[in-house]
K.L.:
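Dropping a structure here in structure tokens format, bear with me for questions.
Whatever order the structure lists them in is the order used to number ligands and atoms, beginning at 1.
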Amino acid sequence: MTALRVTGLIAQEHNLTLQEFQNVDPTYQVADISTLMAGRDGQAITLQGLLEICKPLPEAQYLGLHGTLDDFHASIPLAAVVDRGLIQYAKQGLALDVGAGGPYRFLIPDHAACNTDDIDECANVKFLDHIEFTAERGFDNRPEDEDEHAALHERENHTHH
Ligand SMILES: Nc1nc2c(c(=O)[nH]1)N[C@H]1C(S)=C(S)[C@@H](COP(=O)(O)O)O[C@H]1N2
Ligand SMILES: [Mo]
């Protein structure tokens, strides 16, 4: 079972397993993601829940979202997503498989359209296996314009669908 590695400016590093996600306090559970994001489904914890577990240091200002499988990364200001970010860990109660963007996925309700803002749809990082808290903006290879974006989706269609 793949764990989510959480590192950086936090009290203690973590390797969160599916079971640990399932056992997170109900306060931080989202049993049905579609209630927050139309058209999506599955189970998540809120970013608030992750912060409660990992206790970031005051210097932690950015969230590094790493998808190792396809080498996709985003680094976004923590403050901008602190009250709405989600970490999806399951679909229909089962571990998220790669076809569904697993093992974990970052999701942002009310994100901006691709390439229009820091907090855009592109930051809904799939294949998420590592979250890193940093003081400064970290590595980010989200597409920067429409051409890059189109090329990325073209690649996606060949490799993962
Ligand atoms: N690991 C990874 N996550 C990713 C991407 C990617 O190529 N790799 N594409 C991003 C982009 S550009 C968008 S717009 C959304 C698309 O999410 P969807 O396939 O669920 O619609 O996923 C984002 N997350
Ligand atoms: Mo995107």
Side-chain angles (χ1 to χ4, degrees), residues 1-8 13-18 20-21 29-51 54 61-134 136-161:
M1 199 62 70
T2 318
L4 177 70
R5 200 154 71 87
V6 190
T7 66
E13 300 200 339
H14 284 269
N15 273 299
L16 297 174
T17 63
L18 175 62
E20 286 171 291
F21 274 95
Q29 293 285 347
V30 179
D32 178 1
I33 295 170
S34 75
T35 58
L36 297 175
M37 296 180 86
R40 299 206 179 269
D41 65 333
Q43 289 72 51
I45 63 163
T46 59
L47 181 55
Q48 284 293 337
L50 184 76
L51 301 184
C54 296
Q61 300 293 321
Y62 285 85
L63 204 53
L65 304 166
H66 302 289
T68 305
L69 182 71
D70 67 345
D71 196 24
F72 188 84
H73 311 267
S75 177
I76 60 178
L78 183 53
V81 290
V82 72
D83 291 324
R84 56 179 165 146
L86 306 174
I87 299 134
Q88 183 181 5
Y89 62 85
K91 197 165 183 169
Q92 296 179 327
L94 301 172
L96 261 199
D97 59 34
V98 167
Y104 299 95
R105 181 167 194 186
F106 196 76
L107 289 171
I108 310 162
D110 305 316
H111 55 72
C114 299
N115 305 128
T116 63
D117 190 276
D118 222 10
I119 309 303
D120 67 358
E121 185 174 2
C122 312
N124 287 333
V125 175
K126 304 175 204 183
F127 321 127
L128 181 71
D129 55 0
H130 179 196
I131 290 182
E132 188 182 11
F133 289 85
T134 61
E136 309 290 339
R137 187 183 292 276
F139 185 63
D140 190 324
N141 62 359
R142 278 179 288 170
E144 283 178 12
D145 55 40
E146 271 178 45
D147 287 351
E148 279 187 35
H149 200 261
L152 174 68
H153 283 297
E154 184 59 24
R155 268 202 310 281
E156 258 195 320
N157 286 334
H158 290 295
T159 38
H160 304 296
H161 293 277

K.L.:
Using a strict cut-off of 4.0 Å, indicate which atoms of ligand 1 neighbour a heavy atom of Cys114.
P.N.:
14 (S)

K.L.:
Apply ring-ring contact (aromatic ring centres under 6.0 Å, His included) to the pair Phe21 and Tyr104, showing each step before the final yes or no.
P.N.:
CA-CA 10 Å; Phe21 274 95; Tyr104 299 95; 4.9 Å; yes

K.L.:
Using distance alone, with no hydrogens and no angle criterion, decide if His73 and Asp71 have a side-chain donor and acceptor under 3.5 Å apart.
P.N.:
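Yes, because at least one side-chain N or O of His73 sits under 3.5 Å from a partner of the opposite role on Asp71.
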
K.L.:
Where's the contact between Leu152 and ligand 1, heavy-atom distance under 4.0 Å: side chain, backbone, both or neither?
P.N.:
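Side chain only; the backbone of Leu152 stays clear of ligand 1.
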
K.L.:
Which one of Lys126, Glu121, Glu148, Arg155 has a non-hydrogen atom at the shortest distance from atom 1 (N) of ligand 1?
P.N.:
Lys126

K.L.:
Check each atom of ligand 1 against the heavy atoms of Phe127 and keep those under 4.0 Å away; list them by number with element.
P.N.:
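Near Phe127, meaning under 4.0 Å from one of its heavy atoms, ligand 1 has 1 (N).
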
K.L.:
Identify which one of Leu47, Leu16, Leu4, Thr7 satisfies the side chain to side chain contact (heavy atoms under 4.5 Å, CB included) criterion when paired with Ile131.
P.N.:
Leu4

K.L.:
Give the atoms of ligand 1, by number and element, whose distance to some non-hydrogen atom of Glu156 is under 4.0 Å.
P.N.:
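Contacts of ligand 1 toward Glu156, numbered from 1: 5 (C), 6 (C), 7 (O), 9 (N).
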
K.L.:
Compute the shortest N/O to N/O distance between Arg105 and ligand 1 and return yes if it is under 3.5 Å, no if not.
P.N.:
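Yes - when backbone and side-chain N and O of Arg105 are compared with those of ligand 1, one distance drops under 3.5 Å.
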
K.L.:
Just by distance, no angles: are the side chains of Thr68 and His130 close enough, under 3.5 Å, to form a donor-acceptor pair?
P.N.:
no

K.L.:
Using heavy atoms and a 4.0 Å limit, tell me yes or no: is His153 in contact with ligand 1?
P.N.:
yes

K.L.:
Can His153 and Glu156 be counted as having a side-chain donor-acceptor contact under 3.5 angstrom?
P.N.:
yes

K.L.:
Identify whether the distance between the nearest side-chain nitrogen and carboxylate oxygen of Arg40 and Asp32 falls below 4.0 Å.
P.N.:
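No, no charged N to carboxylate O under 4.0 Å.
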
K.L.:
Side chain or backbone of Asp70 under 4.0 Å from ligand 1, or both, or neither, by non-hydrogen atoms?
P.N.:
side chain

K.L.:
Please enumerate all residues that pass side chain to side chain contact (heavy atoms under 4.5 Å, CB included) together with Leu152, with sequence neighbours excluded.
P.N.:
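If we apply the side chain to side chain contact (heavy atoms under 4.5 Å, CB included) test to Leu152, skipping adjacent residues, the hits are Phe72, Pro143, Arg155.
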
K.L.:
Would you say Gly67 touches ligand 1, if touching means a heavy atom closer than 4.0 Å?
P.N.:
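So Gly67 does not count as touching ligand 1.
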
K.L.:
Using a heavy-atom cut-off of under 4.0 Å, does the side chain or the backbone of His149 touch ligand 1, or both, or neither?
P.N.:
side chain

K.L.:
Contact between ligand 1 and Arg40 is defined here as a heavy atom of the residue under 4.0 Å from a ligand atom; is it met?
P.N.:
yes

K.L.:
Using a 4.0 Å heavy-atom cut-off, say whether Cys122 meets ligand 1 through its side chain, its backbone, both or neither.
P.N.:
both

K.L.:
Does Glu148 CD have over 12 foreign heavy atoms under 6.0 Å away?
P.N.:
yes

